[in-house]
Amino acid sequence: MPLSKTYTPEEIEGPHYRRWEDEGAFAAGRKNAGKPYTIVIPPPNVTGSLHMGHALNNTLQDVLIRFERMRGRDALWQPGTDHAGIATQMVVERQLDEKGISRHQLGRSKFLDRVWEWKAESGGTILNQLRRLGASADWSRERFTMDEGLNKAVTKVFVDLYKQGLIYKDQRLVNWDPKLLTAISDLEVENREVKGHLWHIAYPLEDAPGRHIVVATTRPETMLGDTAIAVHPDDERYKAFIGKNAILPLVGRRIPIVADDYADPEQGSGAVKITPGHDFNDYEVGRRHKLEVINILDEKAHLNDNVPEAFRGLERFDARKAVLAQLEELGLIEKIDDITHTVPYGDRSGVVIEPWLTEQWYADAATLAKPAIAAVERGEIVFVPKQWENTYFSWMRNIQPWCISRQLWWGHQIPAWYGPDGQVFVETDEDAALNAARLHYGKETALERDNDVLDTWFSSALWPFSTLGWPERTPELDRYYPTDTLVTGFDIIFFWVARMIMMGLHFMGEVPFRTVYVHALVRDEKGAKMSKSKGNVIDPLELMDEYGADALRFTLSAMAAQGRDIKLAKSRVEGYRNFATKLWNAARFCEMNVCLLRPDFEPGAVRLTVNKWIVGETARAAQAITEAIQAYKFNEAADAAYHFTWHTFCDWYVEFIKPILTPASANADLLPLDQGEVRPKGGEGATAPASGDELAQDETRACAAWALSQILHLLHPFMPYVTEELWDKLRNDSPIPETQDLIVRGWPDASSLPMDKKAADEMNWVIRLVTDIRSVRAEMNVPVAAKLDAKLTGASPETERRLIVHEGLITRLARLGSIDLAAESPAGSVQLVIDETTVALPVARFIDVAAERARLEKEIQKSQAEIKKIDAKLANDAFVSKAPEAVIEEQRTRRADHTQTAEKLAAALERLKKAG
RNA sequence: GGGCGCGUAGCUCAGUGGUAGAGCACUACGCUCACAUCGUAGGGGUCGCUGGUUCGAUCCCAGCCGCGCCCACCA
């Protein structure tokens with residue numbers, strides 16, 4: 001069935017994807033495959049939906065994986081999803097909430113059943129959306145961070161690290177989320193700038209009635225937990241107070257005034273209240289001075305029984321008001337400053353985080369980080385762009401203990417069991433824990449399992465090896481680990497990338513991947529972060545509906561310049577949809593002209609200049625695209641493919657070959673038989689027409705089909721659907737059995753293709769000639785239908801030869817009646833200069849002589865100005881002695897060109913004047 | 001407070017120590033047998049500012065102005 005007039009993505013995307021899957025096109029480990037090339041997907045949240053960040057991230061991965069697969073590597077793109085602890089639990093809790101049920105009413109086990117149900121219900125969505133995008137992952141290997149094998153991996157890692165002393169339990173302040181009621185890690189805290197107040201509060205001194213010491217705070221309610229005041233030891237204002245006591249207002253507690261470097265004389269009043277139970281700094285001060293730690297908040301951040309009765313049970317912000325009101329009444333508020341300061345918020349819950357004293361599990365990140373830092377320093381892992389290594393280093397070198405326990409239900413439950421006296425047994429399963437307990441206690445003892453689960457990122461840190469079967473030593477693990485490239489956004493370098501490196505090195509003894517490609521964030525047209533609340537989200541699914549997956553993929557690739565955010569404009573997507581249509585129509589042209597892939601076609605053996613030229617241009621494009629993808633310069637690769645397809649193949653090659661392929665064409669008797677053998681123009685002396693023309697046509701049909709097939713391959717990583725569809729068409733029409741395969745195999749090898757310099761020069765001359773003639777015609781408003789008879793003067797023998805060979809093309813593309821050599825340019829013509837040749841176009845009846853004179857004068861002036869500039873340079877001794885020879889030579893060449901042009905144009909001007 | 005990035009055509013962005021580029025938008029014209037989701041031609045930029053290095057700077061360096069991001073326990 002012939003191709004339709006336009007490309008309709010929705011008709012072919014689904015069927016092609018199904019075919020790829022049915023034929024196992026994406027499966028790793030196929031026979032005869034070369035060296036492995038592996039990418040592990042950043043696992044999307046299992047209950048999530050595809051957003052633009054996913055679209056970008058997965059498009060780039062797919063470009064890489066398809067490229068390497070086509071080049072013959074054993075490409076494995078390992079897919080899967082993440083259980084996303086907090087995020088998923090929140091969704092399910094919200095669903096329950098709508099029915100008026102709390103998870104506690106349901107109980108842990110039933111609640112988890114509900115989460116699994118929700119996972120079963122919505123877990124396929126994101127993966128199907130990735131398929132829609134064209135992602136060529138090996139779905140047969142799909143994993144989930146909570147599946148059985150991965151749970152085994154998580155448990156083993158936890159137990160091993162515990163036994164190595166790298167995981168431990170500790171009581172210290174954590175970031176507590178009073179809404180989600182769980183500890184979170186430093187990374188899950190988002191510091192926001194907010195406007196607030198700085199209250200200066202007078203604390204009465206114990207032994208000096210009527211005298212005060214003033215402290216400044218942004219959180220007056222925490223004073224109820226104060227256990228000291230700190231001043232700087234060198235602060236003259238307060239030296240006398242050190243060692244004395246103050247009386248804590250509202251509470252009446254006697255608190256010491258201590259000297260500590262932490263107190264900054266420049267800040268606030270220079271004296272700072274110390275609340276070890278609710279501030280990370282104060283906690284440290286408290287440690288140094290052995291201060292009492294008073295916890296005044298419960299898990300929901302309401303005041304507890306450790307505060308005076310009047311305040312008990314108050315929510316923290318209500319408590320602030322109450323405290324301030326009381327202080328006001330007592331006249332203890334000295335002044336209030338308006339300030340802007342940073343306040344920690346939970347990135348999931350959006351509420352203010354409380355530093356809260358609890359017992360949690362920690363991983364000794366500093367120890368794990370050491371080899372991870374060294375691996376990047378040694379270049380075993382390379383970040384692209386390289387600057388991200390600095391970000392990585394600065395974080396890793398100051399890394400804090402990683403709080404890995406969460407007071408959630410959805411996640412990997414911590415494999416720790418407690419005896420009645422609090423003794424901890426960390427084992428891979430309950431039986432092992434019971435055994436250990438029996439040994440410890442000397443008898444059977446009931447144990448209670450730790451209720452907490454692990455941070456989601458704990459399991460994703462193992463992803464590059466857990467998905468390959470670890471802790472089993474599987475053949476896949478041997479073959480595909482270490483993986484090759486990790487493609488990710490910079491927002492998860494700390495959360496994920498750094499931790500994978502730490503865990504990979506610790507448990508596998510090898511880096512998890514060689515290259516980390518860090519891409520940008522997708523923003524809206526104006527550069528703002530896309531977010532639901534702003535309503536500026538562009539849905540990739542809608543774009544795919546409207547323009548097709550290929551157009552979206554190509555857009556994202558073309559905009560993925562390193563180190564820059566992507567501002568996505570719909571107009572770009574539309575433009576690349578048009579590109580797909582253009583390609584489609586070029587294929588239609590080939591189809592209509594019966595251009596078939598030929599078994600005997602040898603790109604190195606073509607005889608016609610146009611064909612030699614397109615072979616060389618194809619080689620150039622293939623090389624540029626290959627190099628760009630290898631260097632992760634997706635935009636350059638996409639641009640090169642776009643330009644070659646549209647502006648070289650469609651704009652010129654297709655136009656060049658039309659006169660050859662159209663048998664009835666009046667130009668048929670002008671066809672060159674071959675590069676060296678040019679048939680004389682006109683009837684007389686012409687060699688027998690038919691056979692030579694058929695040879696030329698034959699070669700050209702095969703060459704066009706070949707070039708198109710190369711384009712389809714080069715574009716395939718970016719636009720898999722339309723290229724597969726057209727390839728399908730092309731190969732089905734082909735008599736060669738070897739091409740009966742999906743496009744997923746085979747990548748153009750530029751090094752095996754000849755780049756014929758002579759053919760390139762020749763066709764570039766034709767292009768210049770045609771373009772310049774068109775330009776003049778347009779400028780002179782020559783009616784498009786007017787066939788002009790061009791006359792060339794001063795042509796060299798080579799130009800004359802080119803003219804004869806390409807006459808048919810030139811007259812057709814430049815819309816000439818004829819083009820001939822002449823001794824002299826005819827009067828009343830417009831003249832232009834190509835190298836040594838003057839081209840005269842008889843357009844007298846269309847032109848305004850005065851305007852033409854002005855044009856020529858302007859052109860001459862332009863050239864003369866250039867010559868003047870070059871002469872100045874060449875007259876500069878410093879330039880001549882210091883600039884490289886090539887640069888000087890280039891200047892000389894340019895000068896000669898301009899001189900020639902100026903002379904020819906001056907001659908033209910003279911003739912015009914004479915004629916006028 | 002520390003670190004990073006960005007300011008190039010109306011818009012969105014590439015790019016290079018040696019004659020400024022693309023897409024979109026815009027203007028004019030469209031005979032034509034792949035394509036109006038198209039063709040041909042065209043207009044449009046002192047490459048943020050100021051200095052420095054250099055024979056030569058949009059590119060390298062410094063400072064400044066403007067914008068954005070990341071990290072950080074400063075009340």
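From a predicted model like this one, the values you see are computed outputs, not experimental measurements. Letters A, B, ... mirror the listed sequences (proteins, then strands); counts begin at 1.
Map A:N593 and A:Y576 each onto its nearest nucleotide of RNA chain B; the residue landing nearer the 5' end is A:Y576. Both A:V880 and A:H898 sit near RNA chain B, but only A:H898 has its closest nucleotide nearer the 5' end.
Listed pair A:K658 / B:A34 meets the phosphate criterion, a side-chain N or O lying under 4.0 Å from OP1 or OP2. Of the side-chain N and O atoms in A:K582, one or more sit less than 4.0 angstrom from OP1 or OP2 of B:G39. For A:K5 and B:A36, the shortest distance from a side-chain N or O to OP1 or OP2 is below 4.0 Å. Neither OP1 nor OP2 of B:U40 sits under 4.0 Å from any side-chain N or O of A:H647.
For the C1' atoms, the distance linking B:G45 with B:A14 amounts to 15 Å, nearest Å. The same atom, C1', is picked in B:G21 and in B:U58; the two are 12 Å apart, to the nearest Å. Across the C1' atoms, B:U54 and B:U12 are found 34 Å apart, a figure rounded to whole Å. Annotation: B:A20 and B:G30 have their C1' atoms spaced 30 Å apart (nearest Å). Comparing the C1' positions of B:G18 and B:A57 gives a spacing of 10 Å, expressed to the nearest Å. To the nearest whole angstrom, the two C1' atoms, one in B:C26 and one in B:A72, are 49 Å apart. When the C1' atom is compared between B:G3 and B:A75, the two are found 25 Å apart, to the nearest whole Å. Comparing the P positions of B:G48 and B:U8 gives a spacing of 6 Å, expressed to the nearest Å.
With B:U37, B:C35, B:G42 as the candidates, the nucleotide lying closest to the side chain of A:R588 is B:C35. Of the candidate nucleotides B:A34, B:G18, B:U12, B:A34 has the atom lying nearest to any side-chain atom of A:N585. Side-chain proximity of A:S775 to B:C55, B:A41, B:C38: nearest is B:A41. The A:R894 side chain lies nearest to B:U19 when the options are B:U12, B:U19, B:C55. The side chain of A:V784 lies closest to B:C29 when the candidates are B:C55, B:A34, B:C29. The side chain of A:M559 lies closest to B:U12, out of B:G18, B:U19, B:U12. Distance from the side chain of A:N578 is smallest for B:C38 among the nucleotides B:A34, B:C38, B:G39.
One atom, CG of A:D651, and another, P of B:A34, lie 14 Å apart when rounded to the nearest Å. Rounded to whole Å, atom P of B:C70 lies 22 Å from atom CZ of A:F393. The interatomic distance linking A:F634 (CZ) with B:A22 (C1') rounds to 20 Å, in whole Å. If you measure from atom CH2 of A:W584 to atom C1' of B:C38, you get 17 Å, rounded to the nearest angstrom. Atom CD1 in A:I493 sits about 12 Å away from atom P in B:C70, given to the nearest Å. Remark: P of B:C24 and CZ of A:F554 are 12 Å apart, rounded to the nearest angstrom. Rounded to an integer number of Å, the gap from CG of A:L874 to P of B:U19 is 13 Å. Regarding A:H643, its NE2 atom lies at a distance of 8 Å from the P atom of B:A22, rounded to whole Å.
For the ring pair (Phe, Tyr, Trp, His ring centres under 6.0 Å) with A:Y7, the qualifying choice from A:Y547, A:Y721, A:W584 is A:W584, the only one to do so.
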N/O to N/O distances under 3.5 Å, protein versus nucleotides 71-75 of chain B:
from	atom 1	to	atom 2	distance (Å)
B:C73	O2'	A:N281	ND2	2.6
B:C73	N1	A:N281	OD1	3.1
B:C73	O2	A:N281	OD1	2.3
B:C73	O2	A:N281	ND2	2.8
B:C73	N3	A:N281	OD1	3.4
B:C74	N3	A:D264	OD2	3.1
B:C74	N4	A:D264	OD2	3.2
B:C74	N4	A:Q267	NE2	3.3
B:A75	O3'	A:T218	OG1	3.4
B:A75	O2'	A:A216	O	2.1
B:A75	O2'	A:T217	N	3.2
B:A75	N7	A:Q267	O	3.1
B:A75	N7	A:G268	N	3.3
B:A75	N6	A:D264	N	3.2
B:A75	N6	A:D264	O	2.2
B:A75	N6	A:Q267	O	2.8
B:A75	N1	A:D264	N	3.1

* **side-chain hydrogen bond (donor to acceptor under 3.5 Å, both in side chains) between A:T901 and A:K862, intermediate numbers included** => CA-CA 10 Å; A:T901 305; A:K862 250 194 210 164; over 6 Å; no
* To do: Step by step, work out the side-chain hydrogen bond (donor to acceptor under 3.5 Å, both in side chains) result for A:H289 and A:D260.
  => CA-CA 9 Å; A:H289 298 276; A:D260 196 288; 2.7 Å; yes
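Between A:F579 and A:F554, the distance separating the two ring centers is shorter than 6.0 angstrom. Taking the six-membered ring for Trp and the full ring otherwise, the centers of A:F718 and A:F634 sit at least 6.0 Å from each other. The ring of A:W388 has its center no closer than 6.0 angstrom to the ring center of A:Y392.
As judged by a 4.0 angstrom heavy-atom cut-off over every strand, A:R572 is placed among the base-contacting residues. Residue A:E284 is out of contact with every strand shown, counting any heavy-atom pair closer than 4.0 Å. The residue A:P355 sits apart from the nucleic acid: no heavy atom pair falls under 4.0 Å. Residue contacts shown for A:A883 include a base, since a base heavy atom lies under 4.0 Å away. Counting non-hydrogen atoms under 4.0 angstrom, A:C650 reaches a base of the nucleic acid. Among the protein residues, A:E655 comes within range of the nucleic acid bases, having at least one heavy atom under 4.0 Å from a base atom. Residue A:W199 is out of contact with every strand shown, counting any heavy-atom pair closer than 4.0 Å.
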* Pairing string, 5' to 3', for RNA chain B - Watson-Crick or wobble contacts under 3.5 Å, brackets [ ] where pairs cross, | to another strand -> (((((((..((((....[..)))).(((((.......))))).....(((((..]....))))))))))))....
Report, one line per pair, each donor and acceptor closer than 3.5 Å where one atom sits in a side chain of residues 188-196 of chain A; sequence neighbours left out.
from	atom 1	to	atom 2	distance (Å)
A:E188	OE1	A:S185	N	2.8
A:E188	OE1	A:S185	OG	3.0
A:E188	OE1	A:R406	NH2	2.7

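Distance check, rounded to the nearest 0.5 Å: CD1 of A:I870 to CD of A:E890 gives 9.0 Å.
Between the side chains of A:D226 and A:Y203, a donor-acceptor pair is found at a separation under 3.5 Å. Side-chain contact, A:K273 with A:T222: a donor N or O sits under 3.5 Å from an acceptor N or O.
No donor-acceptor distance shorter than 3.5 angstrom exists from the side chain of A:R701 to the backbone of A:C590, with no hydrogens or angles considered.
For the pair A:E354 and A:R316, the salt-bridge criterion is met [side-chain N within less than 4.0 Å of a carboxylate O].
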